[in-house]
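Report on the following structure.
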Amino acid sequence: MLNLGEEIMQRLDVIAGYSKAGPGVSRFPFTAEHEGALTLLREWMTKAGLEVSLDDSGTLIGRREGSETSRTLLLGSHQDSVPQGGKYDGIFGIVLSITCLEYLKHQQLPYAIEVLAFADEEGVRFPTALMGPRALAGTFDPDVLGMQDKDGVTLTDALQNFGLEAENIVALKRNSDDILGFIETHIEQGPVLESKGAPVGIVTAICGIERWMVKITGRAAHAGTTPMDLRYDALAAAAELISYVENLCLETEALVGVVGWLNVVPNAVNAVPGEVDLSIELRSSTDQVRVNAGLGLKAFLQQLADRRGLTASSERTYSQSAVQCGGELSDRLEEAAKAIGLKAPRLMSGATHDASAMSDLSRVAMLFVRCLNGVSHHGDESITSEDAGIAADVLIRFLEGFE
Ligand code: HGY
Ligand code: MN
Ligand code: MN
C-alpha cells in the first residue's frame with residue numbers, strides 16, 4: 001500500500017470548503033466557489049510537476065509529457081456538485097489523479113498524461129451539462145451558450161465573467177489519434193460495492209438518460225366554493241402522472257425514473273392548483289427501453305389531460321445515450337487491482353459521468369470506489385481513506401504498466 005489515502009482525504013476536506021453556505025457542498029460552475037477550487041487544484045497540479053492551463057470551456061488541465069510519445073492518456077472528472085451535495089462526487093477523481101501523478105513525478109512514463117478538472121457535469125446551474133468533455137470530443141453544441149441560469153445569466157456571460165471566451169470553445173476539439181483513452185475514477189454513488197465487500201470496481205456501462213419538462217394547465221379556483229366535479233385541478237392530474245412514472249419504472253426491467261422537481265401555481269392552501277410544472281428523468285443502460293418509456297410517458301400525459309379537460313405540454317430537454325465501458329483499459333484496471341490482491345467486480349453505472357461524453361473522443365474506462373451506504377448527492381456522502389488509498393494504488397499500477 002502506498003498510503004496516499006490520507007493525503008487525498010485531507011485535500012478533499014480542504015477543497016470542500018469552496019462551497020456556498022449551507023449543508024453539504026454546493027459548488028456550481030463559473031462561480032467564486034469554482035474559482036477557489038481551481039486555485040487549490042492549480043497549486044496541487046503544479047506541486048505534481050504538471051503544466052497547468054485553463055481552457056475556454058472552464059476545464060483546468062494539468063499535463064506532463066511522455067518520454068517516448070506525445071500521445072496522451074486523459075484522467076480526471078468534474079469539480080462541480082449538486083446543491084448540498086457531498087465532498088466526493090466528481091472532485092474525488094480529480095484530486096486522486098493529481099495525487100497519483102505527484103507520486104509519479106520523478107518516474108518517466110512513455111506516454112503523456114493530462115488531468116482534466118471539468119467545470120460542469122451536473123447541469124444544475126444551466127439546463128445543459130458536460131460542456132468540457134463535449135468541447136474536447138467535438139460534440140459541443142454552441143446553441144447551449146444562450147441558456148440562462150435561474151438569475152437570467154447566460155452561459156456566455158458566466159464564461160465571460162470567469163475570464164473565458166465562449167467563441168473559442170468549438171476550437172478545443174482534440175484529435176482522437178492523439179488520445180490513448182480517458183480513465184475516470186469516481187465514487188460508485190450506489191450500494192453495490194459495499195454489498196460485495198469490495199473497495200473498488202470496474203464499470204461495464206454508463207446509463208443513458210433523458211429529461212422532460214412538463215406543464216399541466218387547469219384552472220385555479222376557490223378551494224371551498226368550487227364543487228369537485230367542476231374543478232380542473234392541475235396538481236391532482238400531476239399526481240396521476242407521478243404515479244404513472246413510478247409504476248412504469250417498477251414494471252420495466254432496467255428502467256429507473258424520478259419526478260425530481262415540481263412547481264405549483266398559485267401554491268396556496270385554499271386554492272385549487274391551476275398550473276403545475278414538473279421535471280421527469282428516465283435512465284436505462286438500454287437506450288431503446290428509455291426512448292420507448294419517454295414516448296409512452298408523452299402519450300399517457302395527453303390522454304390524462306384529455307380525460308380531465310386540462311391542457312398539457314411536454315418537451316424532452318436533455319438526452320444522453322448509454323455508453324459501454326469495456327476493452328483493454330478496463331481489463332488493465334482489473335489487472336492492476338489483482339496485482340494488489342483485489343478482485344474488482346464489474347458493475348453498471350446508474351449515474352452519468354464525464355466519461356459518457358468523453359467516449360465520443362476516445363475509449364473510456366471507469367474505476368469506482370465504494371461509498372458508505374451508497375449515499376450520494378447528499379452531505380452524508382462518505383468514503384474511507386483506506387479505499388481512497390486502494391484506488392490510488394490501482395491507478396498508479398495501471399499507469400506504471402500502461403504503454
Ligand atoms: O445525474 C447524474 O447521474 C450525475 O451525477 N450528473
Ligand atoms: Mn459525478
Ligand atoms: Mn453527481
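All values below were derived from every heavy atom in this structure, side-chain atoms included, with hydrogens, water molecules and symmetry-related copies excluded. All ligand and atom numbering here is 1-based and tracks the order in the structure.
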Please identify each residue that fulfils salt bridge (Lys or Arg N to Asp or Glu O under 4.0 Å) with Asp178, with sequence neighbours left out.
none

Is the distance from the ring center of His353 to that of Phe368 below 6.0 Å?
yes

Under 3.5 Å, is there a donor-acceptor pair linking the side chains of Arg11 and Thr99?
yes

Is the Mn ion (ligand 2) less than 2.8 Å from an N/O/S atom of His78, whether that atom is in the backbone or a side chain?
yes

Just give me the atom name: the N, O or S atom of Glu122 closest to the Mn ion (ligand 3).
OE2

Non-hydrogen atoms closer than 4.0 Å to ligand 1: which protein residues do they belong to? List them by chain and number, please.
Glu121, Glu122, Arg211, Arg283, Ala351, Thr352, His377

May I ask you to check whether His377 brings an N, O or S atom to under 2.8 Å from the Mn ion (ligand 3)?
yes

Have Asp89 and His78 got a donor and an acceptor in their side chains that come within less than 3.5 Å?
yes

Run the side-chain hydrogen bond (donor to acceptor under 3.5 Å, both in side chains) check on Tyr318 and Gln320 step by step: do they pass?
CA-CA 7 Å; Tyr318 187 75; Gln320 212 175 293; 2.5 Å; yes

Atom name of the N, O or S atom of Asp89 nearest to the Mn ion (ligand 2) is OD1

Distance alone, cut at 3.5 Å: any donor-acceptor contact between the side chains of Glu6 and Ser385?
yes

Between Arg283 and Glu210, does any NZ, NE, NH1 or NH2 come within less than 4.0 Å of an OD or OE carboxylate oxygen?
no

Does Phe162 have its ring centroid less than 6.0 Å away from the ring centroid of His34?
yes

